[in-house]
Amino acid sequence: MYCRRVDDLENSRVAKQQDMSGPLTSFPASVYCFLLLIFVISTVFHFELRLSKLSIVCEEPPLLETPAPTNFHHDGFWTVLSQGRLGNQIGQYAGLYALAKLNRYQAYISPQMHNFLAPLFRITLPVLPDSVAKNIPWQNYHVHDWMSEEYRHIHGAYVRLMGYPNSWTFHRHIINEIRREFTLHDHVRKEAQAYLHSIQKSSATFVGVHVRRGDYVHIMPQWKGVLAHKGYLDQAMNWFRAHYNNTIFVVTSNGMSWCRENIDNTKGDVIFAGDGVESSPGKDFALLIQCNHTIMTIGTFGLWAAYLTGGMTVYLANYTLPDSPYLGDFKPEATFLHEWVGFPADLSPLLKH
């Protein structure tokens, strides 16, 4: 790449000296050993000093399915503020990846984001140590939840993106690269596939179901919105039963007790697979994206499961009132893919009040 091996450089230097000065045996071997030691030490010192000034680690850019631009700006690099849980972390990584590439800057992630994502996915963006990041004169740049034209022309050598760029509009043009970034590690994928095979009696179509509950039970009424109700889940499952043969619904949620009480399993095609442990969501997420299709409710966890799974997705539509403050940060048309199928939520609990 940019650096030649130290021993290659030394051999070249010695060869040149032989051409110019005759045989090297005119000096004791210990002298040459000493000179070589001095050269190696000075070379190492030079590179360490250079790295400390640049405050970044020199890594070879990943090989992309679509060729990456070779003319990155070399006078800076970008990062993103790591915040939220798994769904938002994935969205921030993907948004950084897409926007930094679009503006021709190398992207780096924090150790916190790396620790969140790397155990699950084969991500490739390099890590910027906290000891370096704290000395960078960052320009904080807030992005909303959908792509805007001005994001193609962000000026700044040291930009730190802020916000939750979860929309497909940021990276639909490089979706294969994004999906590659979120390729599961082999052992995670094999564990999820082994589970699915264990519940498969014959040839089957797996539909991952994510039911978001948890803190949203209290948050959505404040946003003039509702959660998925029993009627929606019945509709969504019946849609898949009508369109695919031998469906198996793999249910995950952070409210599994609610799911067992409200999801109809009289047909025997529902598996309550999720463990509901929010602090370690990797198992549930891996199960969802190893399925063929997706039923989602609300939240970025289910949204990213649908994006990465591919296949068909049924989603909960119109789950807020028109004057919801939630719509200031969320655009349905920039969130749900046009080919997905939406069933409207039941807003009657809100209308009663």
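Because only heavy atoms are used, hydrogens play no part in the values below, and waters and symmetry mates are left out as well, while side chains stay in. Position 1 is the first residue of the sequence; numbering continues from there.
Using cut-offs of 30° and 60° for the angle between ring planes, the Phe330 and Phe336 rings count as perpendicular. Under the 30°/60° scheme for interplanar angles, the aromatic rings of Tyr232 and His229 are found to be tilted. Below 30°, between 30° and 60°, or above 60°: for Tyr151 and His144 the angle between ring planes is between 30° and 60°, a tilted geometry. Ring geometry, Trp340 versus Tyr315: the interplanar angle falls from 30° to 60°, so the pair is classed tilted. Note: Trp223 and Tyr216 have perpendicular aromatic rings, judged against thresholds of 30 and 60 degrees for the angle between ring planes.
Of the possible polar contacts, one joining the Thr297 side chain to the His210 backbone as a donor-acceptor pair under 3.5 Å is found.
At a threshold of 4.5 Å between non-hydrogen side-chain atoms, the residues Ile109 and Ile123 count as touching. Side-chain contact between Phe301 and Pro281 is present, with heavy atoms from C-beta onward closer than 4.5 Å. Two residues are said to be in side-chain contact when any heavy atoms from C-beta on lie closer than 4.5 Å; Tyr93 and Leu125 meet this criterion.
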For Arg241 and Phe249: C-alpha separation, side-chain torsions, deciding distance, then whether side chain to side chain contact (heavy atoms under 4.5 Å, CB included) applies. CA-CA 10 Å; Arg241 290 180 180 118; Phe249 298 96; 3.8 Å; yes

Go through Met162 and Val159 one step at a time and tell me if the side chain to side chain contact (heavy atoms under 4.5 Å, CB included) criterion holds. CA-CA 9 Å; Met162 317 277 286; Val159 169; over 6 Å; no

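Just one residue in the list Glu191, Gln193, Arg189 forms a side chain to side chain contact (heavy atoms under 4.5 Å, CB included) with Leu184, and that residue is Arg189.
The local environment of NZ in Lys190 is sparse, with at most 12 non-hydrogen atoms from other residues, nucleotides or ligands closer than 6.0 Å.
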